[in-house]
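So that the names make sense, note that chain A is the first sequence line, chain B the second, and so on, each numbered from 1. Being a predicted model, the structure only gives us computed values, none of them experimental.
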Amino acid sequence: MTLPTVHIHDTLTGRKSPVEPIRPGHLGLYVCGVTVYELCHIGHARVFVTFDVVVRFLRHVGYDVTFVRNHTDIDDKIIRRAAELGKDALTLAEEQIVELDRDMGSLGVQAPTHAPRVTESIDEIVAMVETLIERGHAYAVDGGDVFYRVDSFPGYGKLSGQRLDEMRAGERVAVDERKENPFDFALWKSARPGEPSWDSPWGPGRPGWHIECSAMSCTHLGPHFDVHGGGKDLTFPHHENEIAQSEGAHGHAYVNTWMHVGLVNVDGVKMSKSLGNFWTVRDVVAQVHPEAIRWFMLTAHYRKPVGYSQVNLDLAHAQVERLHRTRLALSALFEDLADAPAPDPQTLADFRDRFHAALLDDFNFPAGLAVLLEAIRTANDLLATKKLRRNAAALGRLAALRHFLLEEVRPVFGLLETESESVLAGIRDRLATRFGIDQAEVEQRIIERVAAREAKDWERADALRDALLARHVELMDTPEGTTWRIVPPEPESAAPGDVDG
RNA sequence: GGGGAGGUGGCCAAGUGGUAAGGCAGCGGCCUGCAAAGCCGCCAUUCGCCGGUUCGAAUCCGGUCCUCCCCUCCA
């Protein structure tokens, strides 16, 4: 079987190119995880969800993917935070990894093939630093620190387009005078009293920030692998330094394709700790259903910024609702049918081909979403066909669309993985909380209105409906009875959490 | 100061040479007691601005205005 060719935009070349696996049929992917010292926010989630879909898709079309995503569990920030909390740094990291896995799990992010931790990779890291010193790319200084010698690596700056002589060293941070070049960076940091440390040829210490990814990617994927990804803000210096380390140590190319995920913006600016404009995954999940969060992440191309706003999240909620209502309608139809019609091959091929084409082209999520929306619309259209159950052609097309939703969209986008009733209830619960709606009371009003309608007391029925509508509760009278949903009012607020209702 | 990305209808957002996907909102229609949902139709001669290349440009080139990201820890 011939695998389809995937095109990916490579940061190094600035172009979109076909990916040629180093090992036929296999792709090695390394993605930078997070430094675990506090709860992750929705910006981290975007990177995780993005690569979750990337890996799901690559596997779906037949690639054997080895997906590595690390946990940076020892670092200055972890030590600082642990000190503030009065607990052990490694304990804090351990706890935060558990929280991270829980948060990402709640978003339907699948576990990577390997999730290496820095503290479990010290031997490889020390060995790599030794190699770099041997090859003249690094030097130890008094005090037990080891720095990378950027001037020894001609390619330094090739990923980010930076030139050493143009960068502003020390602009905002004091330069360590033991460095040969202000841009030299730490490979190994000597331990201060009370800090976690490991023995090394340079004395007790711990790894610098960038070396762990060079070492761990090599351990699990070898010194040269296919794709390396991470958030856009890691391009420099993190990934630039990784290239210097890995290529310096191995003497050959490190990564074939560099993928960088755009940032999550709030009011046009990057979500960040310092601005205080960030929302933790936990907080957002309490207000927005996980499938809607995933949908939201898919509405923009992964390389572009995506705007975190109440409007966008409400829209995602509405779309996910629509997706599940259609799924329910399809399920109801087919579960009721004596002999299920075979999916119409033409219809299935049409949607599948376009869906795959969108994703094969640098993972164009919005284009893929457009195909999904067309499938939903087409299905709803066919579901309204007169004498549907005696219309073999329509049933065949619906079977194909159902197959497309469940066997193509579901495994790739990670949507529709939860029972539709549960998703719809989950969305309703969140919105009810947001708008202070008593669901039992709504049900009671509906019962009253049903009675009014049966008595053809339209005035009272409409008054009840209007009263609910004023509280964002919309009623839907169907042949099967009256159902309801909560519809958030138009825009205003910037983001969830800003306002409470 | 250097590097990078981007400015597409009221909003969100695809689209890197061939004559503007999709979604939301809005308008008309079908359906409905009336609605909602769903479906059908309409909705950018135009892609920040000014020039240029081309038979042809949102897409290429030059200039210009604006925004964001990186050059410090950042997903």
### Query
Hey, is A:Arg282 close enough to A:Glu99 for a salt bridge, meaning N to O under 4.0 Å?
yes

### Message
What's A:Arg449 touching, base or sugar-phosphate or nothing? Going by heavy atoms closer than 4.0 Å.
### Response
base

### Task
Verify the contact: side-chain N or O of A:Arg377 to OP1 or OP2 of B:C40, cut-off strictly under 4.0 Å; return yes or no.
yes

### Task
Answer yes when A:Arg81 and A:Glu84 have at least one side-chain N-carboxylate O distance shorter than 4.0 Å, and no when they do not.
yes

### Task
Report yes or no: is there a donor-acceptor pair, N or O only, under 3.5 Å between the side chain of A:Arg325 and the base of B:G38?
no

### Query
Mind checking who B:U46 pairs with, Watson-Crick or G-U wobble, both distances under 3.5 Å?
none

### Query
Is the centre of the A:Tyr254 ring less than 6.0 Å from the centre of the A:Tyr30 ring?
no

### Message
For A:Leu416 versus A:Arg410, what's the shortest heavy-atom pair and its separation?
### Response
O-CD, 3.1 Å

#### Entry: Distance in angstrom units between A:Leu373 CG and B:C39 P, rounded
10 Å

### Task
Report the residue (A:Val269 or A:Thr378) whose heavy-atom-nearest nucleotide on RNA chain B is the more 5′ of the two.
A:Thr378

#### Entry: Integer angstrom distance from the C1' of B:A20 to that of B:A14
10 Å

### Polar side-chain contact A:Asp477-B:C34 base: donor and acceptor under 3.5 Å
yes

### Query
Is the base of B:G38 touched by the side chain of A:Asp381 through a donor-acceptor pair closer than 3.5 angstrom?
no

### Message
Over all strands shown, is A:Val261 touching base, sugar-phosphate only, or nothing at heavy-atom distances under 4.0 angstrom?
### Response
nothing

### Query
Can you tell me how far C1' of B:A75 sits from CD of A:Glu38, to the nearest Å?
13 Å

### Span that lies between the P atom of B:G3 and that of B:C50, in whole angstrom
27 Å

### Task
Decide whether A:Glu242 and A:His238 meet the rule of one side-chain donor and one side-chain acceptor closer than 3.5 Å.
yes

### Message
Distance check needed: B:A75 P versus A:Asp103 CG, whole Å only.
### Response
14 Å

### Task
Using Watson-Crick or G-U wobble geometry with both distances below 3.5 Å, tell me the partner of B:A58, or none.
none

### Task
Just say parallel, tilted or perpendicular for the rings of A:His239 and A:Trp258, cut-offs at 30° and 60°.
tilted

### Whole-Å C1' distance, B:G7 and B:C31
42 Å

### Query
Across the strands shown, which category fits A:Leu475 at heavy-atom distances under 4.0 angstrom: base, sugar-phosphate, nothing?
base

### Message
Measuring only the C1' atom in each nucleotide, how far is B:G26 from B:G63? A whole number of Å is fine.
### Response
39 Å

### Task
Report yes if the side chains of A:Trp484 and A:Glu443 come closer than 4.5 Å at any heavy-atom pair, otherwise no.
yes

### Query
What do you reckon, do A:Phe48 and the base of B:A75 stack, with centroid distance below 5.5 Å and planes below 30°?
no

### Query
At under 4.0 Å between heavy atoms, what does A:Asn380 touch on the DNA or RNA strands: base, sugar-phosphate, or nothing?
sugar-phosphate

### Task
Look through every strand shown and name the nucleotide pairing with B:G6 as Watson-Crick or G-U wobble, where both distances are under 3.5 Å.
B:C66

### Query
Do the side chain of A:Arg46 and the base of B:A75 come within less than 3.5 angstrom through a donor-acceptor pair of N or O atoms?
no

### Task
Assign A:Gly268 to base, sugar-phosphate, or nothing according to its heavy-atom contacts below 4.0 angstrom with the strands shown.
sugar-phosphate

### Nearest-Å distance once atom P is located in both B:G48 and B:C12
15 Å

### Query
Which part of the nucleic acid, if any, lies within reach of A:Lys77 when heavy atoms closer than 4.0 Å are counted: base, sugar-phosphate only, or nothing?
sugar-phosphate

### Task
For B:U59 versus B:C70, give the span between their C1' atoms, rounded off to a whole number of Å.
26 Å

### Message
How many whole angstroms separate atom CG of A:Leu313 from atom P of B:C24?
### Response
17 Å

#### Entry: Candidate nucleotides B:C39, B:A75, B:C70, ranked by approach to the side chain of A:Arg322 - the nearest
B:C39

### Task
Flag the pair A:Asp477 and A:Arg449 as a salt bridge only when some basic side-chain nitrogen lies within less than 4.0 angstrom of an acidic carboxylate oxygen.
yes

### Summary
Sequence neighbours excluded, the answer for salt bridge (Lys or Arg N to Asp or Glu O under 4.0 Å) partners of A:Asp184 is none

### Message
Quick test of your reading of the model: are A:Arg377 and A:Asp381 salt-bridged, counting only N-O distances below 4.0 Å?
### Response
no

### Task
Find the distance A:Leu468:CG to B:C34:P and express it as a whole number of Å.
20 Å

### C1'-based separation of B:G29 from B:C60 [nearest Å]
45 Å

### Message
Quick check for you: among B:C71, B:C34, B:G22, whose closest atom lies nearest to any side-chain atom of A:Ala370?
### Response
B:G22

### Nucleotide opposite B:G1 in a Watson-Crick or G-U pair, distances under 3.5 Å
B:C71

### Task
Calculate the interatomic distance between A:Arg485 atom CZ and B:A35 atom P; express it in whole Å.
17 Å

### Distance in angstrom units between A:Glu240 CD and B:C69 C1', rounded
16 Å

### Query
Centroid-to-centroid, A:Phe363 to A:His301, below 6.0 Å?
no

### For atom CG of A:Leu398 and atom P of B:C39, their distance in whole Å
13 Å

### Task
Would you mind telling me which residue lines up with the more 5' stretch of RNA chain B, A:Val264 or A:Glu459, judged by nearest nucleotide?
A:Glu459

## Note on the structure
Under a 3.5 Å limit on both distances, the Watson-Crick or wobble mate of B:G28 is B:C40

### Query
Taking atom P in both B:A25 and B:C40, what distance in whole Å separates the two?
15 Å

### Summary
In B/S/- notation (B base, S sugar-phosphate only, - none; protein heavy atoms under 4.0 Å), nucleotides 2-16 of chain B written 5' to 3' is BS--SS----SSSS-

### Query
Which of the following nucleotides, B:G33, B:G23, B:A75, is nearest to the side chain of A:Gln319?
B:G23

